[in-house]
Amino acid sequence: MKNSLAVIFLVGPTAVGKSAVALELAPLLNAEIISCDAMQVYREALIASDKPSLEMRERVKHHLIDVVSVEDEFNAARYRELALVSMAQIHARGRVPLVVGGSGMYMMALLDGLFEGPEADLQLRVRLSSHEAEDLYAELKHVDPVAAEKIAPNDKKRIMRALEVFETTGVPISEQQKKREGIWGKYDIRVIGLERPREELYRRVEVRVDEMLHRGLVDEVRSLLTKKLSSTGSKIIGVPEVKGALNGAYDLDKARELIKLHTRHYVKRQMTWFRKDKRIEWLMIGQDDTVSVVVDKIMGLLNEVAPNGRT
RNA sequence: GCCGAGAUAGCUCAGUCGGUAGAGCGAAGGACUGAAAAUCCUUGCGUCCCCAGUUCAAUUCUGGGUCUCGGCA
């Protein structure tokens with residue numbers, strides 16, 4: 001059943017300028033921000049995940065930032081649960097949830113839901129990962145040919161997840177994936193996508209990475225490395241790259257270039273993810289657009305009637 | 001200035017015993033249902049440095065030139 005409560009999403013690639021826009025947009029919408037970012041949930045990764053500053057978080061209430069330690073495993077299902085709780089709380093206060101971020105899978109988990117699958121089984125994953133992808137794939141073909149059809153023979157992570165689901169529940173993942181339920185259709189939802197020309201996005205990535213290093217990324221990573229990083233926490237862009245430099249595998253300039261390169265790759269993958277989602281209403285940001293100009297444009301979009309077929 | 005090595009895809013380079021060429025990286029596009037800032041898939045005509053010669057045919061051989069990098073002065 002649908003009710004008239006509103007939920008606004010503001011998505012887009014890294015470095016497009018979401019955070020600053022969200023900060024000015026939130027008061028106009030009577031909104032609180034729910035971060036949709038797989039890395040900003042990690043408390044100790046301040047610079048590496050490029051979190052909004054404490055000052056920004058004082059001006060507008062932010063949810064789902066700093067919710068776990070980098071030693072903890074986190075995933076899309078956890079995110080979804082927590083985000084749903086935050087959404088309910090915000091609605092209860094008579095306010096509007098503004099979901100802001102660039103983690104496409106987390107957005108999808110919220111919007112479309114996830115199938116009721118088993119939790120990640122770390123021990124099983126460790127065991128499976130010692131096998132060759134080829135063998136795992138052969139196994140998958142045997143127990144779940146439908147899933148095998150959709151998964152690339154080399155895509156070890158997906159093969160492992162499919163096997164994990166089958167081994168722990170006895171039901172093929174392809175069967176379970178048919179049922180899922182998200183919030184799409186249940187609220188008055190608008191999804192705004194922020195975009196910039198690729199070249200400019202890449203320029204902004206350069207600036208952002210240089211700033212992160214300037215703000216003390218190396219020290220932050222050094223301290224992160226004293227902890228037992230979870231599998232997700234250890235993947236934060238910046239961590240493995242700086243680690244290499246600290247180990248003497250290469251110098252800091254090389255690390256800087258690697259971080260920029262990996263961030264560019266990430267931006268590209270984000271765009272691939274978002275582009276295919278036809279629910280997103282895109283807004284191309286011009287080079288000279290100030291934050292307020294962008295905010296005005298978004299308000300303009302939101303005041304228009306939602307596109308056809310949307311109820 | 002002399003001696004040597006090299007000049008091939010945006011970059012690093014392989015190769016063609018003479019029949020106009022291919023890897024890695026980058027780049028672009030795509031997939032994505034509990035690791036997602038992860039993981040995976042697809043896409044390679046480029047004056048083979050320039051000029052001349054030999055040849056049916058030269059990027060490949062020969063000669064000359066230009067440039068680059070080493071070493072010696």
| field | Nearest-angstrom distance, P atom, G18(B) to U62(B) | value | 11 Å

| Just checking T14(A): base, sugar-phosphate only, or nothing, at a heavy-atom cut-off of under 4.0 Å? | nothing

| message | Please classify the nucleic acid contact of R78(A) as base, sugar-phosphate, or nothing, using heavy-atom distances under 4.0 Å. | response | nothing

| request: Pick base, sugar-phosphate or nothing for M108(A), based on heavy-atom distances below 4.0 Å to the nucleic acid. | output: sugar-phosphate

| So do the side chains of E164(A) and M160(A) get within less than 4.5 Å of each other, counting heavy atoms only? | no

| Going 5' to 3' along RNA chain B, which nucleotides are the first and last within contact of chain A (any atom under 4.0 Å from a heavy atom)? | G26(B) to C41(B)

| message | Give me the distance, rounded to whole Å, that separates G44(B) from C3(B) when you measure between the C1' atoms they each carry. | response | 39 Å

| Counting any heavy atom closer than 4.0 Å, what does D112(A) reach on the DNA or RNA strands: base, sugar-phosphate only, or nothing? | nothing

| remark: Stems of at least 3 consecutive Watson-Crick or G-U wobble pairs (donor-acceptor distances under 3.5 Å) involving RNA chain B, listed by first number, are B:1-7 with B:66-72, B:10-13 with B:22-25, B:27-31 with B:39-43, B:49-53 with B:61-65

| field | Sugar-phosphate only, base, or nothing, as touched by R161(A) at under 4.0 Å among non-hydrogen atoms | value | base

| query | Reckon K268(A) touches a base, only the sugar-phosphate, or nothing at all at heavy-atom distances under 4.0 Å? | reply | base

| said: Does T272(A) reach a base, just sugar-phosphate, or nothing at all? Heavy atoms under 4.0 Å. | reply: base

| Rounding to the closest angstrom, what is the interatomic distance between C61(B) and A5(B) at atom P? | 13 Å

| request: Could you tell me how the ring of W282(A) sits relative to the ring of F274(A): parallel (under 30°), tilted (30 to 60°) or perpendicular (over 60°)? | output: perpendicular

| request: Scan K51(A), Q40(A), R43(A) and name whichever one has a side chain to side chain donor-acceptor pair (under 3.5 Å) with D66(A). | output: K51(A)

| query | Can you tell me how far P in U16(B) sits from the matching atom in A23(B), rounded to whole Å? | reply | 15 Å

| Is K186(A) close enough and on-axis enough to W184(A), meaning under 6.0 Å and within 45°, for cation-pi? | no

| query | I151(A) near the nucleic acid: base, sugar-phosphate alone, or nothing, with a heavy-atom cut-off under 4.0 Å? | reply | nothing

| Which part of the nucleic acid, if any, lies within contact of H265(A), taking any heavy atom under 4.0 Å across all strands shown: a base, the sugar-phosphate backbone alone, or nothing? | sugar-phosphate

| note | Closest non-hydrogen contact found for I47(A) with M212(A) is CG2-O, 3.4 Å

